[in-house]
Amino acid sequence: MPADPGAVTVRETLTAVITETIHALIAGGQLPLAEPPAVHVERPRDPSHGDWSTNAALVSAKAAGMVPRDIAELIAAGLRQRLAGVAEAVEIAGPGFINVRLARDVVTDVVTRIREDGERFGAGEPTGRRVQVEFVSANPVGPMHVGHGRWAALGDSIARILEHAGDQVQREFYVNDAGVQMDIFASSVSARYLELCGRDVEFPEDGYRGAYIADIAQEILDAEGDRWADMPATEREAHFKEQAYTAVLEHLKRVLHGMGVDFDVWFSERTLHERGNDGATAIERGLGRLREAGYLYEHEGALWFRSTDFGDDKDRVLKKADGSYTYFAADIAYHADKYDRGFDLVIDIWGADHHGYVKRMEAAVAALGHPGKLEVIIGQLVNLFSNGEVVRMSKRTGEMVTFEDLLDEVGADAARYFFLRRSTDQPVDFDIALAKERSADNPVYYVQYAHARICSILRKAAGADTADESVDVAAISASIAADSSALALLGAEPGTPASEAELGLLRKLAGFPEVVALAARQRAPHKLTTYAEELASAFHQFYTHCHVVVEDPALRSARLALADASRVVLARALGLLGVGAPQRM
RNA sequence: GCCCUCUUAGCUCAGGGGAUAGAGCGUCUGCCUCCGGAGCAGAAGGUCGUAGGUUCGAAUCCUACAGAGGGCGCCA
């Protein structure tokens, strides 16, 4: 077994070695089993149980007809032999767990690896898989609400995590620029425009009443004067629709960019309604595929998709009796287009209010010949609190805190961090006052503070002003040389607070790759906020118990290297969340 | 009525079938001549919604029930 502390590979290697050991015991007639069971290898929660633990003996007990601890003795003896030089101890504990304690040079080697790998630490090999993540996709008729902000943070972070795991990821925003909401939007702007021109108009009953509508109308008035007031309504509204639409789209792009979210593709729904060279629209072509596959039928003048063939509750209408298409029909064409573009996996992030739509969309994707290649993530909503009161998020009333307001109020880092801190299927109760607070109550500052503190130490070690941001931390990092004999000083006196703090930090650092791998597999950025807080905590403990900039050059370089490795991993974890890692606060 | 999600400490929430269920906040007690106290150490606080089941082992998987939220249109 190579002395490679990378968590993922250690687990895999250890699993293989254990399985080999059991194989040998079976071949030698010591274990009455047909074949080795599937064993789990995990990091014990309690550090006194060692670095790794396996349930191999427990899962073998029944089939072998033996007492778990007797089997554990056999396996442990084999492991001691096979892991000589890598494992310091192999022990049996509890009902029959086998605990492996790694040799200390294997443990400390993670520092060297992190500092060599830098940002690549914990990254997966390229998978060759092409993944599309579609998210936000807010209607371009007004500002984003805070729920959109959460989904923006979520989609972007998932994209970053998947990229780190080795996938090729594209971020896409679907622009619903073809529906009746666009007409309502246009007539709303038109009404405000006429008001501004002093005309007596009745505001559309279902119109958008937000103040931004009047702002857009004012912009048009400023730029083009009141010449549209006497034009036919249809002509005026057609013109205003494009003006207002462009303004809102630019606004959306600006706000998203301001929080570090940039899309690769803005896909316009309108293109699905345009006729191509074959004289057909994308919607017609998409439906044509379903027809050829035999999933469409006519009933009461409408065209239906037999989605029940794929587990949906009922069949769905694609073309209404009046000849117009449903929104679902456009969505089918849109998804057909995604797969035509060659994605191996499409991830859609929708708000919780759309979850009833998942089955039919999955059914459509399967009917198009891509079963299992769509994954819909349902993002729960955000409850915004202000002075203990729930703030409403209605576009109609116009009384709402927009996502842009929230960003201005708390900043992009705090907003993203708070959105990502909860698991996706849990609603977020967003407390504006807490997110603004620059105190220990605020977890994002706790983590960022640890990073800034490390940068300060590095500057101190280099003899620079600890708060001077112009000092190049990367250069200082590169100047720190800690060979394996120096690193051996870390955790050299087990049982002392200093060594325990060092070992705790080393253990936490070593766990990063598997946390990222898990976050990628589960599309769960919140695993990284939890990890970042644990790593920051481990670092603060280390800092409290271990003076870094000490006289002894070997110990000093070892602790500096450990602090530096912590800096690298903290920055990486925050980076995958899209949150900044400031060098000074 | 049917479907989805949720229910873990006073509050907000983590928890990949494993060992004594964790963190932050809040409450209580300590730690600054010393690298950033935006920090650290400790105490108290739990029938993991209820009842069954599967398993050597269940907060975790299955079923039923209770409670909370959301979704169920030839709307978008």
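A note on names: the letters A, B, ... follow the listed sequences, proteins ahead of strands, and every chain is numbered from 1.
For the P atom pair drawn from B:A19 and B:C48, the interatomic distance equals 15 Å after rounding to whole Å. Only the P atoms considered, B:U63 is 25 Å distant from B:G71, to the nearest whole Å. Spacing of P atoms, B:A23 relative to B:C65, comes out at 37 Å, to the nearest Å. Nucleotides B:A41 and B:U47 have their P atoms positioned 27 Å apart, rounded to a whole Å. Taking atom P on both B:G10 and B:U27, the two are 16 Å apart, rounded to the nearest angstrom. The gap from the C1' atom of B:A43 to that of B:U5 amounts to 37 Å, rounded to the nearest Å. Across B:U20 and B:G46, the matching C1' atoms stand 13 Å from one another, rounded to whole Å.
Rounding to whole angstrom units, CZ of residue A:Arg459 and C1' of B:G36 are separated by 10 Å. Going from atom CZ of A:Arg316 over to atom C1' of B:C72 covers 8 Å, rounded to whole Å. In this entry the distance linking CZ of A:Arg422 with C1' of B:U7 reads 15 Å, nearest Å. Atom CG in A:Asp206 sits roughly 15 Å away from atom P in B:C75 (whole-Å rounding). Computed from coordinates, the A:Glu533 CD to B:A38 C1' distance equals 14 Å when rounded to whole Å. A:Trp304 places its CH2 atom 7 Å from the C1' atom of B:C74, with the value rounded to the nearest Å. Atom CG of A:Leu318 is separated from atom P of B:A76 by 12 Å (rounded to the nearest Å). Taking atom NE2 of A:His545 as the reference point, atom C1' of B:G39 lies 12 Å away to the nearest angstrom.
Side-chain atoms of A:Asp353 and base atoms of B:A76 include no donor and acceptor less than 3.5 Å apart. Counting distance only, with no hydrogens placed and no angle test, the side-chain atoms of A:Asn55 and the base atoms of B:G18 include a donor-acceptor pair under 3.5 Å. A donor-acceptor contact under 3.5 angstrom links the side-chain atoms of A:His355 to the base of B:G70. One cannot find a donor-acceptor pair under 3.5 Å joining the base of B:A41 and the side-chain atoms of A:Thr544.
Residues A:Val428 and A:Ser456 each lie close to RNA chain B; by heavy-atom proximity, the contact nearer the 5' end of the strand is made by A:Val428.
Dashed line: the shortest gap from a side-chain N or O of A:Gln426 to OP1 or OP2 of B:A14 is under 4.0 Å. Phosphate proximity of B:C40 to A:Tyr446: present, with a side-chain N or O under 4.0 Å from OP1 or OP2. Checking the phosphate oxygens (OP1, OP2) of B:C72, no side-chain nitrogen or oxygen of A:Lys359 falls inside 4.0 Å. The phosphate of B:C13 (OP1 or OP2) has no side-chain N or O of A:Lys527 nearer than 4.0 angstrom. Distances shorter than 4.0 Å separate none of the side-chain N or O atoms of A:Arg45 from OP1 or OP2 on B:G15. A:Lys314 has a side-chain polar atom (N or O) that falls below the 4.0 Å cut-off from OP1 or OP2 of B:C74. For B:A14, one of the phosphate oxygens OP1 or OP2 lies less than 4.0 angstrom from a side-chain nitrogen or oxygen of A:Ser423. In this structure, A:Lys62 does not reach the B:G57 phosphate: none of its side-chain N or O atoms is under 4.0 Å from OP1 or OP2.
Nearest heavy-atom pair, A:His547 versus A:Arg559, reported as atom, atom and distance to 0.1 Å: O-NH1, 2.9 Å.
Distance CZ/A:Phe430 to CG/A:Leu406: 4.5 Å, rounded to 0.5 Å.
Side chains of A:Phe512 and A:Leu528 form a contact here, defined as non-hydrogen atoms less than 4.5 Å apart. Using a 4.5 Å heavy-atom threshold, the side chains of A:Pro47 and A:Glu500 count as separate.
Using a 4.0 Å cut-off between a side-chain N of Lys or Arg and a carboxylate O of Asp or Glu, A:Asp313 and A:Lys359 qualify as a salt bridge.
Listed for the A:Arg360 side chain is no donor-acceptor partner under 3.5 Å among the backbone atoms of A:Ser307.
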